[in-house]
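In what follows, a structure is listed as structure tokens, so that the remarks can point back to it.
Everything quoted here is computed from the prediction, not taken from an experiment.
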Amino acid sequence: TPTENHLLGVKPRILVCFMQTRLLPARGSSIQTTTMNEQRQAQIPEALPQAPCPALFLVGMDLHSEKVQLCLTSWQHGSDPVRVRSITTTLAALESTYRRQIPAGALTVMEASGNAFATVRRLEAIGYKAKVMPSDIATGMAPPDRVNDAIDAYHIAVGYARRGTRMEVWVPSPDYQDHRALWHAYSNAVKDATCQRNRIWGLFNAHGIALRSVPGPKALRQRLDESPGLGDEARLLIGLCIDHLEHDLKIKETIRRQIGRIVALTPAMRTAMSVMGIGRLGAFALMAYIEDIRRFPTAKKLCSYFGFKPILCESGTDTGSKHLSKRGNAAVKALMIESAQSAMRYGRQPMHKWARRLTAKGKAYNLSVSALARKMLVALWHVLMGHPVPGCEAEMVHVRKVALAARCLEKGHLARLGHASAMAFALAVTRDLYAHLRTMQAKEGESASESPQGIQSKEKESKINS
């Protein structure tokens, strides 16, 4: 009997036809004949479900700053979604539109955009599931002459149905989303300050005034006053650039201090600094994108997330050039390369010596640094998972790094935490991280004292003292 549905109308009757073939026995024979349908039913176990998979409601969302285009589809696994209706609404009326027109249990998929994460949290607050997909999930599906929001919303649903959850984008928590925004602001402040320095150097150089390096704003203004050959327009332009440089440096310092406060008060970020070469900026940037290390089941997954894996390009007998993947945040990847360069230069641990041996054997320097950066990410994964890692930095070096971040805290804040100074705070919060090393050293000392050599040394010391 057809059933009524307020979204699909009358449910159509599904006709299932089986071809029946009856073999006619010879005249006078006693052979029993059965139909093909009866034979098929006899072969199928009763435990296996014979009904098709139920259809799911899948909503493709084309999200803009104000307008929201929805495409409600009916979808079964293994097939493309079937369009049911298109809905146009606004971001302010999103919740009311879902309550009135979207069935409960529907899954919403959208492209990664500026307000995608906030929209996912809004939908989850009213009981709807939502996922964020890469921004290129619907690329190439629509012909060039048929592009609008309704078509894009349907193609987003089709892209999810074809690719599945392997392309899903992690939705950060509100705090870590703000951490990412803070890291982007710091990166932009560094770029803006560098841009202004280059402009100032170019303006001085255009008028025959050589600058070996661009100093701070105060020294630049003094150099500007000591250059009488500059015209009024040149002085005006250089003065404006110096003002912009001073403003950018102030923004950079303010954000840097805020990053130091966050790192000092976040246990995972403090732990990340135990890896040689990773300071407070590196720990903050890495953890802003990692957030929860348990979402990476292996260290290889973490390296792949940040793009530290080689590109595989093989076809037949041809082998293309292998280079690092372009996945991952470019600023974080550059910061990891800088950390690896520092660790390769000053590190004394086995993995640092291994990287230097690669260079000594003729391997390109950049390849050695990239390989070391990947090993540092592997060590970071083990440290954050709580595994004892021999590649951790020396305890006092790590304590000094944490103390440097804790200096960004106000003295009143440290007093409320029960610590008199930044160094006391660093010693207290890093004590548990190296507890297993102290236990191992104590056991080694006891075993050495119980050995024959240890007993002889004790006897010699007692004779000398006597």
Side-chain angles (χ1 to χ4, degrees), residues 65 112-118 172-205 211-225 234-266 268-270 272-273 277-291 306 328-339 341-342 401-414 422:
S65 58
S113 59
N115 53 355
F117 297 152
S173 61
D175 291 340
Y176 278 84
Q177 185 177 352
D178 293 340
H179 291 348
R180 294 185 182 187
L182 191 65
W183 168 248
H184 284 300
Y186 179 83
S187 301
N188 292 333
V190 172
K191 293 177 183 177
D192 294 341
T194 303
C195 183
Q196 295 300 331
R197 290 180 185 274
N198 293 337
R199 288 177 181 175
I200 293 171
W201 184 91
L203 289 172
F204 273 108
N205 184 62
L211 291 177
R212 293 185 178 179
S213 62
V214 181
K218 184 176 180 181
L220 283 173
R221 287 194 175 93
Q222 183 178 359
R223 186 64 182 271
L224 182 62
D225 295 336
R235 290 181 178 277
L236 176 63
L237 291 176
I238 294 175
L240 292 175
C241 290
I242 293 174
D243 293 338
H244 280 290
L245 176 62
E246 188 174 12
H247 176 70
D248 294 335
L249 292 177
K250 185 177 180 180
I251 293 176
K252 175 185 172 183
E253 180 63 20
T254 303
I255 298 176
R256 189 187 64 82
R257 293 189 64 83
Q258 180 62 22
I259 289 175
R261 298 187 191 99
I262 295 172
V263 171
L265 298 175
T266 307
M269 295 183 184
R270 296 196 302 259
M273 286 195 294
I278 298 180
R280 51 180 168 173
L281 292 178
F284 179 82
L286 289 169
M287 293 308 303
Y289 286 90
I290 294 174
E291 184 175 353
F306 285 108
N329 185 270
V332 178
K333 189 183 294 186
L335 191 63
M336 278 302 302
I337 293 295
E338 293 177 2
S339 301
Q341 289 175 344
S342 175
K401 289 160 72 171
V402 176
L404 188 62
R407 289 177 185 174
C408 299
L409 297 171
E410 292 79 5
K411 291 185 177 180
H413 196 168
L414 287 173

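- Pairing each heavy atom of R235 with each of L224, the nearest pair is NH1-O, 2.9 Å.
- For V332, the side chain to side chain contact (heavy atoms under 4.5 Å, CB included) partners are W183, A285, L286, Y289, F306, N329, not counting sequence neighbours.
- Remark: Q258 pairs with L182, R261, I262 by the side chain to side chain contact (heavy atoms under 4.5 Å, CB included) rule, at least two apart or across chains.
- In terms of the side-chain hydrogen bond (donor to acceptor under 3.5 Å, both in side chains) criterion, residue partners of N115 (sequence neighbours excluded) are, by chain and number, S113.
- Side-chain atoms of R270 come within 3.5 Å of backbone N or O of A264 as a donor-acceptor pair.
- In this structure, L281 and Y186 have side chains that are in contact, with non-hydrogen atoms separated by less than 4.5 Å.
- Partners of A288 by side chain to side chain contact (heavy atoms under 4.5 Å, CB included), not counting sequence neighbours, listed by chain and number: H179, R180.
- Qualifying side-chain hydrogen bond (donor to acceptor under 3.5 Å, both in side chains) partners for Y176, counting only residues two or more places apart in sequence or in other chains: none.
- In this structure, K252 contributes its side chain and A189 its backbone to no donor-acceptor pair below 3.5 Å.
- Minimum heavy-atom separation, C408 to G260: SG-CA, 3.9 Å.
- With sequence neighbours excluded, no residue satisfies side-chain hydrogen bond (donor to acceptor under 3.5 Å, both in side chains) with S342.
- With sequence neighbours excluded, the residues satisfying side-chain hydrogen bond (donor to acceptor under 3.5 Å, both in side chains) with Q177 are R121.
- Using modelled atom types, no side-chain atom of N205 and backbone atom of W201 make a donor-acceptor pair closer than 3.5 Å.
- Qualifying salt bridge (Lys or Arg N to Asp or Glu O under 4.0 Å) partners for E338, counting only residues two or more places apart in sequence or in other chains: none.
- L211 approaches R223 most closely through the heavy-atom pair CD2-NH1, 3.2 Å.
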Donor-acceptor pairs under 3.5 angstrom involving side-chain atoms of residues 237-249: please list them, not counting sequence neighbours.
unit_1	atom_1	unit_2	atom_2	d
D243	OD1	R221	NH2	2.6
E246	OE1	R221	NH1	3.3
E246	OE1	R221	NH2	3.0

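- Distance check, rounded to the nearest 0.5 Å: OG1 of T254 to CD1 of I259 gives 11.0 Å.
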Before you tell me yes or no, could you show the steps for R280 and V402 under side chain to side chain contact (heavy atoms under 4.5 Å, CB included), namely the whole-Å CA-CA distance, both residues' side-chain angles and the distance that decides it to 0.1 Å?
CA-CA 8 Å; R280 51 180 168 173; V402 176; over 6 Å; no
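- In summary, E253 and K250 do not engage in a salt bridge, as defined by a charged side-chain N under 4.0 Å from a carboxylate O.
- Shown here are the side chain to side chain contact (heavy atoms under 4.5 Å, CB included) partners of K333, two or more places apart in sequence or in another chain: F308.
- Taking every heavy atom of both residues into account, A405 and V263 meet most closely at CB-CG1, 4.3 Å.
- Listed here is the closest heavy atom pair of E291 and P172: OE1-CA, 3.3 Å.
- With a 4.5 Å cut-off on side-chain heavy atoms, I251 and N188 do not count as touching.
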